[in-house]
**Q** 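I am attaching a structure below and will ask some questions about it afterwards.
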Amino acid sequence: MASDERVVRRQIGRKGSMARTWLLMGSEGQRQMVEASRQLIMQRTGLTARDFRILDPMLSYSSTIVGRDRAIVLNLEQIKAIITAHEVLLLNSRDPSVIPFVDELHAQILHHHTTVTDHPQPQDKGEMRQDSSRKKILPFEFVVLEACLEAVISSLENEANILELEALPALDKLTSKISTLNLERVRHIKSRLVALTARVQRVRDELENLLDDDGDMAELYLTDKLAQKKFENSSTFSSMNNNGDDMMMNRVLQPNIVDRTGHEISLERGGDSTCDHGDYENVVGEEISGTQAGTVYSGVTNVSELEMLLGAYFVQIGGTVNKISALSDYVEDTEDYINITLDDNQNRILQTGVQIGTASVILNCFVAVTGVFGMNIHIQLFDDGGMKEFLGTIFGCTGACVILYFLAMLWYKKMRMLE
């Protein structure tokens, strides 16, 4: 396998449009770096220009897995690939986040090729029934699809775990001490959580859409479609070669077959020989139509194999969604607790402001009395009074201010303005 792992660079189809670098992996494990234009890839895979827009990094397409006649277009997170029945084309294989996936995919393709070589699958239904205990090997396109789903979902799950490890201590620290630094840290974590939630939800929605539509899943069976197309082409070629001989044989044998069949049918009906040629044509037509119906029904693809594959990863991505949802709920609960704490502190500040304002009003009244006595006017109190009267006035005004303050506080509590 050392020769299969070599990386070869080729210049392909640069005429007409800008070529892009693709990593080509075959079903036998060989790898090649090719630079191919869009037109050449379209001719090779049967895709349209609209399908290529799904892989365009300049356009913001959501996660997509779509099957075409000869290829699967896959756009999941950082993985952008075109999968056929015998090869896979990766667009951004040089991305640092994709390089580990490339090595893992290459190892799985080599393992799949070794398994297929050592354990060939039965070709007809008789052999499949005789060897029903043998485990069926997945087609090449499903091996690549499974590797892509495993890489993407595992990456999202790892990001969710890392974010959870960072978020829980930050939230607990913010709960114990509300500060600008802790609030900024939680705000950054929440922005990452929102972005990760959207990415995970896009992958989950795409898997859910595939599982809900059997037709879309049937389009992903590239190997079966290719085998069915080859069978139809060989049948058409054989029928064209044998068409002349069949027509000659029908002309020779048709009278005898009609007479003999009519006689046999009359015997089965109890000796009635009134069977005509029209009844025979109806019987033969019903047999032919039944055979055609059976052939059409046998061409329908059974999607249970792919449904089980996608269902397993749908459950896995569902667990990641639940983990992120729980973390998001914890963040929201912490925000609610912080808001309640801030509101309580704000209410206490307002109450303190009311108390200080009331005391200020009463103190201003005391100052007003002092101002009255400080006027440069002559009254009887100044002539008759002494220190005793002066102290009485001072303590009397002070007591009146204190009494007014407590009466104001009682009235605030009665009106539920203070707790």
Side-chain angles (χ1 to χ4, degrees), residues 1-12 19-36 41 44-45 52 54-57 61 63-66 71-119 135 137-163 196 199-200 202-203 206-207 220 222-223 306 309-310 312-314 316-317 319-320:
M1 284 301 178
S3 60
D4 295 336
E5 295 180 358
R6 66 183 184 275
V7 179
V8 182
R9 178 176 295 277
R10 296 186 299 173
Q11 301 289 332
I12 304 177
R20 289 184 177 179
T21 303
W22 300 79
L23 175 61
L24 176 63
M25 284 192 186
S27 58
E28 297 181 357
Q30 66 274 19
R31 292 193 294 183
Q32 295 178 350
M33 292 295 297
V34 300
E35 291 187 4
I41 299 296
R44 188 184 186 97
T45 60
F52 270 87
I54 299 176
L55 303 176
D56 195 343
Y61 269 86
S63 299
T64 304
I65 302 175
V66 58
I72 298 174
V73 183
L74 185 141
N75 181 10
L76 292 177
E77 291 294 315
Q78 69 276 9
I79 300 176
K80 303 179 186 297
I82 299 176
I83 307 171
T84 65
H86 303 292
E87 62 187 14
V88 56
L89 292 164
L90 289 174
L91 182 58
N92 54 344
S93 59
R94 295 179 178 177
D95 192 340
S97 61
V98 183
I99 291 177
F101 162 72
V102 172
D103 297 334
E104 180 66 23
L105 176 61
H106 184 244
Q108 292 194 19
I109 290 176
L110 289 177
H111 177 71
H112 175 262
H113 175 64
T114 303
T115 305
V116 172
T117 304
D118 297 341
H119 305 283
K135 183 179 179 180
I137 301 176
L138 290 176
F140 173 78
E141 64 272 15
F142 288 174
V143 173
V144 178
L145 179 61
E146 183 178 10
C148 295
L149 290 173
E150 177 67 24
V152 171
I153 295 176
S154 299
S155 176
L156 293 174
E157 189 173 5
N158 291 334
E159 290 186 27
N161 293 332
I162 293 173
L163 186 60
L196 182 60
R199 291 164 54 196
V200 173
R202 284 196 295 265
V203 176
E206 181 61 26
L207 291 179
L220 303 182
L222 302 180
T223 302
L306 180 59
L309 175 65
L310 296 178
Y313 289 101
F314 180 76
Q316 185 177 354
I317 195 68
T320 305

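FYI, the numbering just counts along the sequence from 1. Because the structure is predicted, anything quoted here is derived from the model rather than measured.
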**Q** Taking the side chain as C-beta and beyond, is there a heavy-atom pair between Glu87 and Arg44 under 4.5 Å?
**A**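 Yes, at least one pair of side-chain atoms sits under 4.5 Å.
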**Q** Are the side chain of Glu28 and the backbone N or O of His113 linked by a donor-acceptor pair below 3.5 Å?
**A**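 No: the side chain of Glu28 does not pair with the backbone of His113.
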**Q** CG of Leu90 to CG of Asp95: how many Å apart, nearest 0.5 Å?
**A**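 That separation rounds to 11.5 Å.
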**Q** How many angstroms lie between atom CD1 of Ile72 and atom OG1 of Thr45, to the nearest 0.5 angstrom?
**A**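 If I round to the nearest 0.5 Å, the distance is 12.0 Å.
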**Q** Report the C-alpha distance between Leu76 and Ile65 in whole Å, list the side-chain angles of each, state the deciding distance to 0.1 Å, and finish with yes or no for side chain to side chain contact (heavy atoms under 4.5 Å, CB included).
**A** CA-CA 8 Å; Leu76 292 177; Ile65 302 175; 4.0 Å; yes
**Q** Counting C-beta onward and ignoring hydrogens, is there a side-chain heavy-atom pair between Ser154 and Gln316 closer than 4.5 Å?
**A**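 Of all side-chain heavy-atom pairs linking Gln316 with Ser154, at least one is under 4.5 Å.
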**Q** Write down the atom of Gly29, the atom of Leu110, and the distance for their closest heavy-atom approach.
**A**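 The answer is CA-CD2, 3.6 Å.
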**Q** Say whether, by atom type as modelled, one donor and one acceptor occur between the side chain of Asn161 and the main chain of Glu157 under 3.5 angstrom.
**A**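 Yes, Asn161 side chain to Glu157 backbone: donor-acceptor pair under 3.5 Å.
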**Q** Would you indicate whether the side-chain heavy atoms of Phe140 and His86 approach each other to under 4.5 Å?
**A**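 No; the side chains remain at least 4.5 Å from each other.
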**Q** Output the distance between atom CG (Leu55) and atom NZ (Lys80), rounded to the nearest 0.5 Å.
**A**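 Between Leu55 CG and Lys80 NZ, I get 7.0 Å after rounding to 0.5 Å.
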**Q** At what distance, to the nearest 0.5 angstrom, does OG1 of Thr21 lie from CD of Glu35?
**A**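 Nearest 0.5 Å value for the OG1-CD distance: 4.0 Å.
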**Q** Rounded to the nearest 0.5 Å, what's the gap from CG on Leu91 to CG on Leu74? Could you check?
**A**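 Taking CG in Leu91 and CG in Leu74, the distance rounds to 12.0 Å.
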**Q** Which value, rounded to the nearest 0.5 Å, describes the distance between Glu146 atom CD and His112 atom NE2?
**A**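 Between Glu146 CD and His112 NE2, I get 10.5 Å after rounding to 0.5 Å.
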**Q** Do the side chains of Phe142 and Leu310 get nearer than 4.5 Å, heavy atoms only?
**A**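 Not touching, per the 4.5 Å side-chain cut-off.
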**Q** Just so I know, are the side chains of His111 and Thr115 near enough to count as touching, which here means a heavy-atom distance under 4.5 Å?
**A**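 His111 reaches Thr115 side chain to side chain.
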**Q** Could you check whether any side-chain N or O of Asn92 sits under 3.5 Å from a backbone N or O of Val98, counting only pairs where one atom can act as donor and the other as acceptor?
**A**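 No, because the side chain of Asn92 does not come within donor-acceptor range (under 3.5 Å) of the backbone of Val98.
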**Q** Would you mind reporting whether Val102 and Arg31 have side-chain heavy atoms less than 4.5 Å apart?
**A**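 Yes, their side chains come closer than 4.5 Å.
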